[in-house]
Amino acid sequence: MKIERENQTLATITLQNYFRMYEKLSGMTGTAETEAEEFGEVYGLDVIVIPTNRPMIRKDNSDVIYRTLPEKWDAIVNEIKERHEKGQPVLVGTVSVENSELVAAKLKTIGIPHNVLNAKYHEREAEIVAQAGRKGAVTIATNMAGRGTDILLGGNPEFLANDYLKRMEINPEEATPEQFEEQLRKAKALVSDEQKAVVAAGGLQILATERHESRRIDNQLRGRAGRQGDPGASTFVLSLEDDLMRIFAGDKVRSMMEWLGMENGVAIESKTVSRQIERAQKAVEARNFETRKHVLKYDDVMNRQRETIYGLRRQLMFEPEHREYLLGDQGVARDLLHDLTQSFLNPQASPDTWDVDTYAAEIESIYRVDPAKDADVDFRRMNPDQVEEAVWKKAISDYEEKEKLAGAESLRAYERYIMLNIIDSQWKDHLLSIDHLKQGIGLVGYGQKDPLVEYKKQSFDMFQDMLDRIDTQTTRALFNLEIVVKDEQEEIERLERLEQQRARKQAAGMAFTGAMATAATAGDTEEVRHTPFKRDQPKVKSNEPCYCGSGKKFKKCHGAGI
């Protein structure tokens with residue numbers, strides 16, 4: 001592969017700070033309660049639990065735990081087979097595509113029809129989920145699949161009607177209202193019968209193959225059953241070799257199972273174990289929250305810098321007048337001049353110690369004024385404030401002359417364009433420097449320093465340096481601007497020369513066309529055809545100037561079509 005240059009960030013923001021930009025922030029989800037602390041701490045939002053529309057009668061069973069993964073997968077397949085034979089729909093939840101395909105392969109071996117819903121089949125996602133509540137249906141899904149589509153017991157009649165139309169080789173989008181209504185009546189009749197059978201069998205059975213690190217995702221899976229007062233049940237089938245169990249709860253549960261003398265293929269169901277698993281999940285959630293909070297603390301530093309820069313850009317783009325900001329008595333250019341004067345001409349020190357040469361070079365570079373040669377500036381007799389005033393008076397006078405030549409409106413547009421470009425360029429470079437700072441700031445921990453505190457200090461210093469560079473480059477670009485005004489008579493003569501060249505070219509072209517037409521019509525056709533053509537002038541080579549006087553090569557002018 002071709003080795004590319006390192007990518008450079010042009011803008012960056014965390015999701016948390018992006019959401020906090022909104023004046024009003026709210027949301028609705030069925031699984032926010034477990035994350036209430038984070039919503040409160042990050043966004044200042046309270047989580048309020050709203051009662052369900054109808055009583056929730058879903059049965060959430062205790063976790064079923066096996067010793068090994070093979071025992072767990074065998075138990076899951078046997079459970080699916082038993083529910084399928086009874087006519088109860090089953091939704092099997094997996095944490096990965098790999099696990100979903102593993103379960104699918106085992107079901108295929110024993111001949112149980114099923115649908116697999118993972119990232120590989122996202123085109124049929126809504127259709128598969130909508131029919132997951134039909135009698136005896138088996139659907140295997142990853143935790144992200146199918147959200148936003150209700151699972152109706154007995155099936156979804158509208159999706160079923162579309163399926164009937166497809167079997168009739170009719171595109172559902174092109175079907176007439178009569179055709180759709182006819183198939184919808186058939187689908188509703190079938191769904192009504194199947195719904196009664198599914199309700200009698202116990203509703204939708206959620207069979208989860210593993211606990212997730214977040215309780216919220218577990219609750220999302222459970223919530224697929226028991227909608228709008230429907231019956232249903234959920235069961236988590238685990239093993240001691242699952243990642244979460246192995247890392248957080250395996251030893252305690254394994255010792256308990258050995259103490260109970262558990263045999264191969266035998267599971268335990270215990271509220272105590274379920275509570276232990278839930279404590280493990282809370283620990284993982286807390287760790288992940290701390291990680292997100294840590295990232296947010298770093299971005300909060302950048303957020304204040306981001307607001308400053310974007311605020312400056314908005315000011316330049318949308319405020320009609322910004323001359324005062326750039327060139328006023330308290331503007332960017334005057335502040336920079338004051339800083340330079342104080343830096344090189346220390347008012348507390350003797351004039352003999354002043355760095356006059358460097359000061360003069362800086363002033364000439366930025367303001368196009370040479371204090372060493374200016375008769376109004378005398379470093380021996382003036383104090384720093386008087387020198388600064390004299391330099392500013394000369395610089396602003398020269399700039400006002402440029403404004404008269406270019407026009408106030410044109411110069412305002414130039415000022416805005418220059419500063420916006422400089423801000424964007426410097427901000428881009430600053431983001432790159434901040435990225436590099438983040439990569440190495442953790443090393444200060446070896447010196448018994450807090451990385452976050454050091455990051456705040458160093459990023460602030462870098463930001464101040466960037467603002468100084470913006471002011472310096474903007475001032476230099478404005479005061480070094482040269483206005484070029486062309487003499488009016490010179491412009492008129494230039495236009496006349498162009499018109500004469502165009503006229504000569506047109507006349508030569510017409511003469512050439514007339515000669516060819518005369519040769520084609522004059523005298524006997526046979527005579528004209530056999531009479532050799534004689535040139536009055538030498539042959540013009542393709543790279544020589546064209547005879548019409550245009551200044552172009554012959555091959556680019558009248559010789560282009562020859």
Side-chain angles (χ1 to χ4, degrees), residues 5-14 16-18 20-21 295-319 322-344 358-359 361-368 395 412-444 449-481:
R5 293 182 62 185
E6 181 182 5
N7 289 331
Q8 187 165 350
T9 304
L10 300 181
T12 176
I13 191 171
T14 59
Q16 292 96 323
N17 274 324
Y18 177 73
R20 291 197 296 199
M21 289 172 67
V295 171
L296 185 60
K297 285 178 181 176
Y298 278 82
D299 192 64
D300 281 340
V301 179
M302 278 299 298
N303 199 46
R304 288 189 284 273
Q305 298 179 9
R306 186 185 302 118
E307 288 172 354
T308 301
I309 289 294
Y310 287 1
L312 180 57
R313 291 188 88 260
R314 279 193 294 271
Q315 176 185 335
L316 289 168
M317 290 174 67
F318 300 116
E319 289 189 8
H322 47 268
R323 188 182 190 279
E324 190 66 24
Y325 170 76
L326 294 171
L327 303 167
D329 290 337
Q330 303 295 324
V332 169
R334 185 63 190 265
D335 286 347
L336 176 62
L337 177 60
H338 179 74
D339 291 343
L340 289 171
T341 305
Q342 295 296 309
S343 177
F344 294 105
T358 307
Y359 177 73
E362 283 289 313
I363 295 301
E364 184 178 15
S365 168
I366 296 173
Y367 295 92
R368 290 291 290 273
R412 294 296 86 79
Y414 173 77
E415 290 165 358
R416 179 188 288 111
Y417 173 80
I418 282 295
M419 190 153 191
L420 284 173
N421 273 277
I422 290 173
I423 289 172
D424 290 345
S425 174
Q426 290 296 325
W427 178 244
K428 179 185 69 172
D429 293 343
H430 178 67
L431 290 178
L432 182 63
S433 301
I434 288 293
D435 283 343
H436 292 159
L437 175 63
K438 282 181 183 176
Q439 291 173 11
I441 199 66
L443 297 175
V444 302
K449 295 180 180 179
D450 185 344
L452 180 60
V453 173
E454 289 300 310
Y455 174 77
K456 288 180 179 179
K457 288 179 182 177
Q458 294 187 35
S459 65
F460 178 77
D461 291 342
M462 292 164 64
F463 185 67
Q464 288 299 122
D465 291 343
M466 181 197 68
L467 292 180
D468 291 343
R469 290 195 302 274
I470 289 174
D471 291 348
T472 303
Q473 290 188 18
T474 302
T475 305
R476 179 180 283 115
L478 294 179
F479 283 91
N480 281 269
L481 172 67

| request: First locate atom OG1 of T14, then atom CG of N303, and finally report the distance between them rounded to the nearest 0.5 Å. | output: 7.0 Å
| Roughly how far, to the nearest 0.5 Å, is the OG1 atom of T474 from the CG atom of L420? | 9.5 Å
| field | Minimum heavy-atom distance between S459 and V301, given as atom pair plus value | value | OG-CG1, 3.3 Å
| field | Nearest heavy-atom neighbours spanning T475 and Y367 | value | CG2-CE2, 3.6 Å
| said: Does F460 have more than 12 heavy atoms from other residues, nucleotides or ligands lying within 6.0 Å of its CZ? | reply: no
| remark: dist I418:CD1 -> L481:CG (nearest 0.5 Å) comes out at 8.0 Å
| field | Distance in Å, M462 CE paired with L467 CG, rounded so as to fall on 0.5 Å steps | value | 12.5 Å
Output side-chain donor-acceptor pairs under 3.5 Å for residues 421-432, partner residues at least two apart or in another chain, one line each.
residue, atom, partner, partner atom, Å
N421, ND2, Y417, O, 2.8
D424, OD1, R313, NE, 2.7
D424, OD1, R313, NH2, 3.4
D424, OD2, R313, NH2, 3.2
Q426, OE1, R469, NE, 2.8
Q426, OE1, R469, NH2, 3.3
H430, NE2, Q305, OE1, 2.8

| message | What I want to find out is whether R412 reaches E415 closely enough, with some N-O distance under 4.0 Å, to be called a salt bridge. | response | yes
| task | Check step by step if side-chain contact (heavy atoms from CB on, under 4.5 Å) holds for L340 and I366. | result | CA-CA 11 Å; L340 289 171; I366 296 173; 3.9 Å; yes
| Charged N to carboxylate O below 4.0 Å: is that the case for R20 and D300? | yes
| request: Would you mind listing every salt bridge (charged side-chain N to carboxylate O under 4.0 Å, His left out) that reaches into residues 457-466, with sequence neighbours excluded? | output: E454-K457
| Are there more than 12 heavy atoms of other residues, nucleotides or ligands under 6.0 Å from atom CD of Q464? | yes
| Does Y325 reach the main-chain N or O of L316 with its side chain, forming a donor-acceptor pair under 3.5 Å? | no
| message | I'd like to check L478 versus Y414 (side-chain heavy atoms, cut-off strictly below 4.5 Å). Are they in contact? | response | yes
| message | Please check this pair: side chain of S343 against backbone of D339, looking for a donor-acceptor N/O pair closer than 3.5 Å. | response | no
| ring-ring contact (aromatic ring centres under 6.0 Å, His included) with F344: which residues, sequence neighbours excluded? | none
| Rounded to the nearest 0.5 Å, what separation is found between the CZ atom of F463 and the NZ atom of K456? | 16.0 Å
| request: Measure the CG-OG1 distance between L336 and T341 for me, rounded to the nearest 0.5 Å. | output: 9.0 Å
| field | Min side-chain heavy-atom separation N17-M302 under 4.5 Å | value | no
| said: As a test of understanding, state which of K438, R306, R304 forms a salt bridge (charged side-chain N to carboxylate O under 4.0 Å, His left out) with D299. | reply: R306
| request: Indicate yes or no for a side-chain donor-acceptor contact from R368 to the backbone of F479 under 3.5 Å, with no hydrogens or angles considered. | output: no
